[in-house]
Amino acid sequence: MAGADEKDLRPDPDSLLAAARREGRGKLKIFLGAAPGVGKTYAMLSGARRLRCEGVDVVIGLVETHGRAETEALLEGLEVLPRRHVDYRGRVIEEFDIDAALARKPALIVVDELAHTNAPESRHPKRHQDVEELLRAGVDVWTAVNIQHLESLADVVSRITGVRVRETTPDTVLEKADEVVVVDITPAELLERLKEGKVYLPDNARRAAEGFFKIGNITALRELALRRTADRVDDQMVEYLRQNAIQGAWPTAERILACVGPDPASEALIRSASRIASGLNASWMAVALERSAAATDEPELRRLEQNLRLAERLGADSRRIAANNMADDLLRLARRENITQIFVNRARGGPFARWRRRDLAGALIRGASDIAIHVLAGENAPRRRRPRKPVAPSAFAAAAATVVLLVAAAVGVGEIVAAHLRLPNLSMIFLTAVLGSAVLFGAAAAIAAALLSFFAYNFFFIPPLYTFTIAEPHELFALVVFLIVAVLTGGLAGRAREEASAARRRAATTQSLYDFARKLAGVARLDDVLWTFVAQVANILKSQAIILLPRDGDLEIRAAFPPEDAIAPAEWAAAQWALKHGEPAGCGLDTLPNAKYQFHPLRTSRGVIGAVGVEPPDGRKTFAAEEERMLLALGDQAAISIERTLLVEEAAKTAAAMEKERLRNALLSSLSHDLRTPLASVLGSVTTLRQFGASLCDRDKDDLLLAIEEEARRLARFVSNLFDMTRVESGALDIKHELVDVEDAIGGAVSRARKAFPERRIDVALAEDLPLVRGDGPLLEQVFFNLLDNADKYVPAGATTRVRARRRGNEVVAMVEDDGPGAAPDKLEMIFEKFYRGEPGDGRPPGTGLGLAICRGVVEAMDGSIVAESPIAQGRGLRVSITLPAADLADGQAEKALEG
C-alpha cells in the first residue's frame with residue numbers, strides 16, 4: 001500500500017511533459033478587458049515602463065493609443081519599432097513588423113490588439129500568429145484583447161450587444177497564456193470615460209454610447225471576462241497541483257463527484273448531484289466503481305449503463321474505475337481532479353458489512369479530511385447482495401474432481417517423501433495443490449482445496465495417523481496456520497487468475513475498437529462508413545445488423561449485414577421510436593419488445609442522426625452487458641464518422657450553393673451594368689437624332705452615329721462572351737483541331753485591337769521558326785484579342801502592350817505583356833475565374849470578367865495551358881503566357897498545309 005501511495009504522490013507525467021514543451025518558449029501575458037476603454041493598453045505600458053526601469057530589455061512592437069494623451073505619454077522613453085507600410089487598395093496601412101521584431105529579439109515585446117487581422121500579403125493572416133512566432137523564438141510577449149474577440153463568445157456577444165464581431169482570436173490562445181490579467185472598471189466609470197472622450201473621438205463616442213456602450217451590455221461583457229479568467233486561473237491551479245504532486249482539494253472552485261452504482265438509488269443521487277452542481281455553477285463527474293474481475297450479473301450492468309447515460313445527459317463527465325479498494329481509489333481520483341464534494345449512497349449492509357469495510361460511505365468519511373462527503377439515505381434502495389455467476393453442473397463436477405485429484409496427488413507425493421526423508425513439515429506440498437486449483441479454477445476452488453488439504457494433512461501426516469485427532473498442541477497450531485496461509489494464497493492466486501482473464505477480455509475489446517477506428521479513419525464516403533460499421537458489428541456480436549438514416553422525413557435502410565432491403569412493420573416502429581425519442585427500443589426492451597431487432601440511436605453533437613438495429617444472437621431476447629457496451633462504443637465511433645462524412649457533404653453543397661449564388665450575383669451585376677450602359681448610350685443617341693436631327697450639323701450626327709456603333713459593338717462583344725462562356729462550360733463549344741498558324745491568329749487579333757482602341761500602342765515580336773499548332777483558328781484569334789482587350793482596360797493611357805511568341809522545344813509559347821499595376825500573387829489564379837474584375841487602372845470601367853475565363857476554357861480545350869505572372873518589371877506589369885503543343889507533322893506535310 002505504501003508503494004501505491006508513493007506512486008500516487010509523483011507528479012503527473014502529462015503535466016510534466018506539457019511543462020517541458022514550454023521550455024525555451026517565451027511567456028505570454030494577456031491583458032483581458034470587457035470592452036474598449038477599460039485601460040488595457042495603459043496597464044501594459046505602465047508595467048513595461050516599470051520593467052524598463054528594472055533593466056529589462058523592453059520594446060514596443062505595436063501599440064494603438066487611439067489618440068489618448070495619457071496613453072501616448074507612457075510611450076516616452078520606450079523603444080518603439082517602426083511599423084511596416086502596406087499599400088492596400090490605394091491606401092497605406094501600418095502593420096506590425098514581425099521580421100524587425102525577430103531581428104531585434106528583445107526580452108519582452110508589447111504587441112497590442114491581439115485579434116487584429118493583418119493586411120493582405122502579410123506572412124500571417126492574424127496577429128495572434130505573429131505572437132506565436134515570437135513565443136517560439138523565445139521572446140516574452142505582452143498583448144491585449146477584449147472578451148468579445150474570443151472565437152467561442154463572438155455569437156454570444158452579438159446576441160447581447162447586437163453588434164457583429166468581425167475580428168476574433170481562437171480560445172486556445174487564452175488557454176495557453178502563462179498569465180491572464182483582467183483590467184476592469186465599473187460600467188459607470190467606463191461610460192464617464194466615454195463622455196470625456198477618453199475612449200473614442202466625440203462623434204464616434206456618441207454613436208458608441210447609443211449602440212454598444214450600454215449599462216446592460218457592459219455588465220454582461222464584464223461577467224464574461226471575469227468568468228473566463230476565473231476558468232483559466234482554475235485550470236492553471238489544477239495543472240500546478242498535478243505538476244507538484246500535491247494531493248488534496250484546494251476549494252477555490254466547487255467540483256462535485258457522484259458515486260454511481262447499478263442500484264435504483266443511484267438515479268436519485270445523480271439528480272441530486274446535478275441540482276447542486278447547477279446551483280453552484282460547478283462542474284461534476286459521475287464515477288462508476290467496479291471491483292476488478294468481480295462477477296456482476298447482466299441486469300446490474302445494464303442498470304449501471306443507464307445511470308451513467310442519465311448522468312451524461314445531465315451534464316456530467318462519466319468515468320469508470322476498476323478498483324479493489326474502492327474508497328482509497330476514489331479519494332485518490334478526487335484529489336487528483338481537485339474534487340471538493342463527493343456524493344454517495346448509504347450502504348444498508350449493517351454492522352457486519354462495516355466490519356468487512358464494505359461500507360463505502362464510512363470509508364470515505366474516515367479517509368477524506370479535506371473533502372465534503374454527502375451521504376444520501378437511499379430509503380428505497382434494496383439491500384444489495386454480491387451476484388453469483390451460475391456454474392454449469394458439468395463444469396462444477398470437473399472442478400471438484402480436479403481439486404480432489406490434486407489433493408490426492410499431494411498426499412501421494414507426501415507419502416513418498418516421508419518414506420525416504422524425515423521432514424518436519426510437509427504442508428508446502430499441499431500448498432502446491434491449493435495454488436494449482438487457484439490457477440485452474442479460481443478462488444472458490446482454491447479455498448475448497450485448502451479445506452480438503454487441511455483434513456488430508458491431519459489424517460495422513462499428523463500423529464496419531466489416520467485419525468482426525470491431534471496429539472500435540474504445536475501440531476494443531478501449525479495446521480491452523482497452514483489453513484490460513486492456504487486460504488489467503490489460494491484466494492490471491494484465484495483473484496490474480498480472474499483479473500488476468502478480465503484483462504484479456506478488456507484487451508480484446510480494446511483491440512476490436514482500435515481495429516474499427518482504424519478502418520473508419522481510412523473511409524471517406526458515407527456508404528463505406530455504413531458498410532464498415534454493420535460488418536464490424538455483425539462480426540463481433542455474431543448477429544445481424546442494420547442501419548437506418550433519415551431521408552426526406554422518412555427512415556431509409558442504408559446498410560445491412562447480411563444484406564437486407566426490407567424489415568417488418570414492428571422493426572420500422574422500433575427504429576422510428578429510437579430516432580424520435582433517442583432511446584433504445586425493440587427486442588427484449590420495454591418499448592416494442594416483439595420486434596426482431598433491438599434498435600439503438602446514433603447520437604452526435606447535432607442530436608440523433610440515425611438508428612442501428614441488431615438482432616440478439618443465439619435466439620436470446622437481449623444482449624449481455626459486455627455485448628451491449630461494445631455495441632454502444634461501436635455506435636459512438638460510427639456516429640462520429642457518419643457526422644464527419646455528412647458535414648463534408650454539406651460543406652461541399654454549401655460551397656457549391658455559395659459559388660452558384662456568387663455567380664448569379666456577378667451575372668446580374670454584369671447584366672445590369674454591361675447591358676444598361678451601352679443600351680442607355682444607344683437610346684440617348686437615337687433620341688437625340690430623332691428630336692434634334694434637323695438642327696444638328698453633319699459632324700454632330702457623325703459623332704452620335706459613331707457612339708451608337710461603338711456601344712453596339714461593345715454590347716455585341718458582351719453577348720458573345722456570355723454565349724461563349726456558356727458553350728465552354730456546357731462542353732458544347734465545337735473546338736476544331738485543324739492546323740493553325742499562330743502568327744496569323746496573333747496578326748488578326750492585333751488588327752482587330754488596333755481598330756477597337758486605336759490610341760493603344762501594340763508592339764509585336766514573333767520568332768521566325770514558329771511551328772504550326774492544332775486547334776481552332778478563329779477561337780485562338782479571339783483568345784489573343786481578349787488578352788489585348790484586357791490589357792487595354794487595366795493599363796494607363798499611352799502605355800504599350802507587347803505581344804511575343806517563340807518556340808520552346810515541341811511547344812509554342814505566346815505572351816501578352818502590359819505595364820499596368822499588375823495583380824497580387826494570390827489573385828493570379830482568380831483572374832481566370834468567371835466575373836472576376838480587378839481594380840481599373842486608368843479610370844475606365846472594368847470588363848465583364850468573362851474574357852480571361854473564356855481564354856482558359858478555349859486554350860485548355862486545345863490541350864494547352866495559360867498562366868499569369870506579376871509583377872514582371874519594377875514591381876508592375878502583368879504577363880499572360882499561352883503554351884500550345886506543336887503539330888506533330890513532317891516538314892513536307894507542314895509546308896503543304898501552309899500552301900493549302
Side-chain angles (χ1 to χ4, degrees), residues 724 728 733 735-754 760-795 799-825 827-833 838 851-891 893-895 897-898:
D724 289 345
V728 167
L733 188 64
I735 300 290
K736 301 176 182 178
H737 287 78
E738 302 173 342
L739 292 174
V740 177
D741 190 341
V742 177
E743 184 176 355
D744 291 344
I746 293 176
V750 171
S751 178
R752 289 173 55 190
R754 284 172 174 163
R760 179 71 59 203
R761 293 200 304 270
I762 302 176
D763 181 21
V764 181
L766 306 178
E768 295 181 356
D769 59 342
L770 288 179
L772 299 179
V773 299
R774 286 198 175 273
D776 194 308
L779 289 179
L780 186 58
E781 178 182 325
Q782 183 64 38
V783 166
F784 286 111
F785 178 79
N786 286 352
L787 295 179
L788 294 170
D789 183 42
N790 181 76
D792 179 66
K793 291 184 176 71
Y794 293 98
V795 298
T800 301
T801 301
R802 295 174 297 278
V803 182
R804 304 283 186 265
R806 59 184 176 87
R807 180 171 188 162
R808 185 178 63 190
N810 292 326
E811 296 176 332
V812 176
V813 180
M815 296 169 286
V816 177
E817 302 175 348
D818 61 58
D819 296 328
K827 299 292 195 302
L828 291 177
E829 277 298 313
M830 296 175 62
I831 66 175
F832 294 104
E833 295 181 2
L852 294 185
I854 293 173
C855 291
R856 167 169 281 185
V858 171
V859 170
E860 290 180 350
M862 295 169 62
D863 299 327
S865 62
I866 181 170
V867 295
E869 302 171 68
S870 181
I872 58 176
Q874 298 179 352
R876 295 177 61 83
L878 176 71
R879 176 189 296 124
V880 180
S881 301
I882 297 174
T883 303
L884 294 170
D888 187 14
L889 290 174
D891 292 339
Q893 293 175 319
E895 291 177 0
L898 282 173

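FYI, the numbering just counts along the sequence from 1. All values below were derived from every heavy atom in this structure, side-chain atoms included, with hydrogens, water molecules and symmetry-related copies excluded.
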Find out whether Leu788 and Arg752 are in side-chain contact, i.e. whether some heavy atom of one side chain is under 4.5 Å from a heavy atom of the other. no
Is there a side-chain contact between Arg774 and Leu739 in this structure, where contact means two heavy atoms from C-beta onward sitting under 4.5 Å apart? yes
Within this structure, what is the CD1-OG distance for the pair Ile746 and Ser751, rounded to the nearest 0.5 Å? 13.5 Å
Expected output: side-chain Ser870 to main-chain Gly877 donor-acceptor under 3.5 Å: yes
Are Val740 and Leu884 close enough that some pair of their side-chain heavy atoms sits under 4.5 Å apart? no
Going by side chain to side chain contact (heavy atoms under 4.5 Å, CB included), Phe784 matches just one of Ile882, Asp789, Val750. Which one? Ile882
For residues 814-821, run the donor-acceptor check on the side chains, cut-off 3.5 Å, and write out each pair with its distance to 0.1 Å, sequence neighbours left out.
| residue | atom | partner | partner atom | Å |
| --- | --- | --- | --- | --- |
| Glu817 | OE1 | Arg802 | NE | 3.2 |
| Glu817 | OE2 | Arg879 | NE | 2.7 |
| Glu817 | OE2 | Arg879 | NH2 | 3.3 |
| Asp818 | OD1 | Gly820 | N | 3.0 |
| Asp818 | OD1 | Leu878 | N | 3.3 |
| Asp819 | OD1 | Arg802 | NH1 | 3.3 |
| Asp819 | OD1 | Arg802 | NH2 | 3.0 |
| Asp819 | OD2 | Arg802 | NH1 | 3.3 |

Within 6.0 Å of CG in Asn810, more than 12 heavy atoms from elsewhere: no
So, the side chain of Arg807 versus the backbone of Gly809: is there a donor-acceptor pair under 3.5 Å, distance only? yes
Partners passing salt bridge (Lys or Arg N to Asp or Glu O under 4.0 Å) against Asp763 (at least two apart in sequence or in another chain): Arg804
Taking atom CZ of Arg761 and atom CZ of Arg754, what is their separation to the nearest 0.5 Å? 12.0 Å
Kindly give the heavy-atom pair with the smallest separation between Ser881 and Glu869, and that separation in Å. OG-OE2, 3.6 Å
If you compare all heavy atoms of Ala886 against all heavy atoms of Pro771, which two are closest, and at what distance to 0.1 Å? CB-CG, 3.7 Å
